[in-house]
Number of protein chains: 2
Amino acid sequence: MSVTIKDIARLANVSHTTVSRALNDSPLISEETRKRIKELAEKLGYVPNISAKSLVLEKSYNIGLFTSKKIDNMPTSFMYEVFDGISQVIEDKYNLVFKKLNDTDDIQANIPRKKYDGIIFVSVDVSDIKMLYKLDALKVPMVVLNRDLSDLGMYCVYVDEYSGTRNAIEYLIKSGHTKIAIIKGPESFITSRERYNGYIDALRENGLNVNELYIKMGGFTPDSGFEAMDSLLRLEDRPTAVFASNDLMAVGAMKACSRWNIKIPDDISILGFDDMDFSMYLSTSLSTVRKPRKLMGQKGASILLDILEKGQVSEKACILKTDLIIRESTKSR
Amino acid sequence: MSVTIKDIARLANVSHTTVSRALNDSPLISEETRKRIKELAEKLGYVPNISAKSLVLEKSYNIGLFTSKKIDNMPTSFMYEVFDGISQVIEDKYNLVFKKLNDTDDIQANIPRKKYDGIIFVSVDVSDIKMLYKLDALKVPMVVLNRDLSDLGMYCVYVDEYSGTRNAIEYLIKSGHTKIAIIKGPESFITSRERYNGYIDALRENGLNVNELYIKMGGFTPDSGFEAMDSLLRLEDRPTAVFASNDLMAVGAMKACSRWNIKIPDDISILGFDDMDFSMYLSTSLSTVRKPRKLMGQKGASILLDILEKGQVSEKACILKTDLIIRESTKSR
DNA sequence: CTCCTTAATGTTAACGTGTGCACAACATTA
DNA sequence: TAATGTTGTGCACACGTTAACATTAAGGAG
């Protein structure tokens, strides 16, 4: 049996109420008793019973970290890095409870109000919106990561993928490329769309035509990048630069080039997105757009903590910037 | 305010005890009332208050997923895949609470007994043993992943990295290689040691000398693989095959080769370990040893669930096998 | 009809914590 | 000196649930 405030109370010759107050730094208690009780508690190795606290305070000390099943189509490291950032900020203040949700899941039944003091939702797919609405209806403080939903009044932390891509494509244009292809990510992924829009706008606003033949579908996996690149290389009029919507597809694309005996970057430039840990060390190191995944987790967590502890937060949305990293896989024309 | 068993009791004209019994399928209740109460509960959208349950049952419904800070030196996808396997098995039965521990952390204070019904510890570094002893002393059911500690009477699920490596090296030997180098992982990592031992024994038992010059240190990162390979290529008598203790270092090693204009696999064969999602799609696809990371998580979780729910489990240790995947980066002599 | 057994339900207490209210001791003001 | 304010502490209850024990009703055996 572990030590309770009643045990401490008995030994200190006070009521358990006094102990409770002393340990919670209530102003109603004299400095002297507070010190005495705290020392005693420390000595006895007192640890508060979370269940009892939860029951009376209507707090669970749980933070739900949710995402959709679609996350399985993302590179495995993505979720972990976000996660890592979050848990760094949360520390021991809350339990971080991870769950993959289906949009068919009954959120009302499985995510009861009482179970989570706050929610961090990592959104990857547009269809997540259904779940987000349901979660929002629970009236539990929530922060959405990886997607801009400030219009709906939700707190969100996301990366400006549009500008990130646009800058990258503009860099290629400035380097003399005019025939620039894109390998898109999964149709329904938010990041895919943003990156695609950045690509399109960069071309348009620099007076370049959008060539439908240069737009290929991919699935964020190396093999889809391979296939897409393969079909680009079959074109009579090949592009001189290819933007792969993520590094994993860029790897596949590079492999296709090596099959066709196409030299990177001499024959074709390749640009990725994400900057994964291996990207710098590919045989031809990959130029890419670095996305601050861990930082996104940290920001999201600290906003949620602000809401939970201070009851308010300075701004509804936090937008993070990417960095363009130029390595060996891109070259001027 | 949410619905409680007392609310249901009032509406059903029974005592709250009856409701509790009905919902928990107690044999003390008539089939008829059980059905009636359950329907009513469903209709009212009753959700049990976990805190109250926890308080009286002395159960937290939390499972701690712990690892050491050293995990940061592992490829980011490793932890996530293990994690993913675990949460697949745990489902909604427990909360999965992730925490990185320092060996300086006061485990007695931070991981109180009551807080976790069970613990899954992912061990990467030999020094983790200190934490494991402390955790074991809490007398909370625990399963250790990625390491054999059955000697200490702990439940464990791990991969036979020794045999995996040994088979891989023997494959190289059978392919005619005699000058085989290794790029080791971080000195204190358990997997590094197992893989190294597999390498050494494979050479010895096949009558090959162990050449100290062919043993290089690495840190499981691409750049360390690059450096190690670079120094191997400076040798007068170069190896004809290199075993990189993980795929990330293999990537770095391949880059070093491309800098030296060394052709893989014609001049040198490269073999990795892990089989990461991109390994198959490197320009020269990587031969490697596939490690069932997700499966390890699943097995560990199901053993823990058995302990928690059935009170016992068939076997203390579960050993998983690797697969040797031969691709383009290795070639016979 | 009485006594005993059994099945179904109710009564009450308990888990560990926080809080509204009451109260005592003491200090301040008029 | 009486009235009022301030400070520190304790009492009793509440939170939602389970469980030991008590009670009731019904049915069967004598």
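Lettering of chains follows the sequences in order, A, B, ..., and the numbering in each one begins at 1. The figures that follow rest on heavy atoms only: side chains count, while hydrogens, waters and symmetry mates do not.
The separation between B/R36 atom CZ and C/dA8 atom C1' is 12 Å, rounded to whole Å. When the P atom of C/dA8 is taken as reference, atom CD of B/E31 falls 10 Å away, rounded to whole Å. In this structure, A/R10 atom CZ and D/dG10 atom P are separated by 14 Å, rounded to whole Å. A/L23 has its CG atom 15 Å from the C1' atom of C/dT19, to the nearest Å. Rounded to whole Å, the distance from NZ on A/K6 to C1' on C/dA14 is 9 Å. In this structure, CD1 of A/I5 is placed 15 Å from P of D/dT9, rounded to the nearest angstrom. Distance, A/N24 CG to C/dT19 C1': 11 Å, rounded to whole Å. Distance B/L28 CG to C/dG10 P: 13 Å, rounded to the nearest Å.
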List the steps, then state whether ring pair (Phe, Tyr, Trp, His ring centres under 6.0 Å) holds for A/Y116 with A/F66.
CA-CA 11 Å; A/Y116 302 98; A/F66 303 146; 5.2 Å; yes

Side chain to side chain donor-acceptor pair (under 3.5 Å), that's the test. Do A/D125 and A/S188 meet it? Break it down for me.
CA-CA 6 Å; A/D125 197 276; A/S188 63; 2.4 Å; yes

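Here A/K53 reaches the OP1 or OP2 of C/dG18: one of its side-chain N or O atoms lies under 4.0 Å away. At D/dC11, none of the side-chain N or O atoms of A/S15 fall inside 4.0 Å of OP1 or OP2 (strictly under the cut-off). At C/dT9, none of the side-chain N or O atoms of B/T18 fall inside 4.0 Å of OP1 or OP2 (strictly under the cut-off). The side chain of B/Y61 contributes no N or O atom lying less than 4.0 Å from OP1 or OP2 of D/dT17.
A/L57 comes within contact range of the sugar-phosphate backbone alone, with a heavy-atom separation under 4.0 Å but no base atom that close. Contact annotation for B/T4: backbone-only contact, meaning every heavy-atom pair under 4.0 Å involves sugar-phosphate atoms and none involves a base. No engagement by A/D7 is indicated, since no non-hydrogen atom pair under 4.0 Å with the nucleic acid exists. Using a 4.0 Å heavy-atom criterion, one finds that A/I29 contacts the sugar-phosphate atoms exclusively. Backbone-only engagement by A/T33 is indicated by non-hydrogen atom pairs under 4.0 Å involving sugar-phosphate atoms exclusively.
With hydrogens and angles left out, the side chain of A/H16 and the base of C/dG18 share a donor-acceptor pair within 3.5 Å. Counting atom types as modelled, B/T17 pairs a side-chain N or O with a base atom of D/dA19 as donor and acceptor under 3.5 Å. Side-chain atoms of A/R34 stay outside donor-acceptor range of the base of D/dG8, with no qualifying N/O pair under 3.5 Å. Taking 3.5 Å as the limit, the base of D/dT7 and the side chain of A/S30 contain no donor-acceptor pair of atoms between them.
Electrostatic pairing of B/D128 and B/K70 does not count as a salt bridge here, judged by no charged N lying under 4.0 Å from a carboxylate O. Between B/D92 and A/K99 there is a salt bridge, since at least one side-chain N of the basic residue sits less than 4.0 Å from a carboxylate O of the acidic one. A salt bridge does not link B/D84 with B/R293: none of the charged nitrogens is closer than 4.0 Å to a carboxylate oxygen.
Between B/V56 and A/V56, the residue whose closest nucleotide on DNA chain C is further toward the 5' end is B/V56. Mapping A/R21 and B/P27 onto DNA chain C by nearest heavy atom places B/P27 closer to the 5' end of the strand.
Contact check for B/R34 versus B/D25: side-chain heavy atoms found under the 4.5 Å cut-off.
Counting only heavy atoms from C-beta on, B/S20 has its side chain closest to D/dT18 among D/dG10, D/dT18, C/dG18.
Taking a pair to require two hydrogen-bonding distances under 3.5 Å in either a Watson-Crick or a G-U wobble arrangement, C/dA30 pairs with D/dT1.
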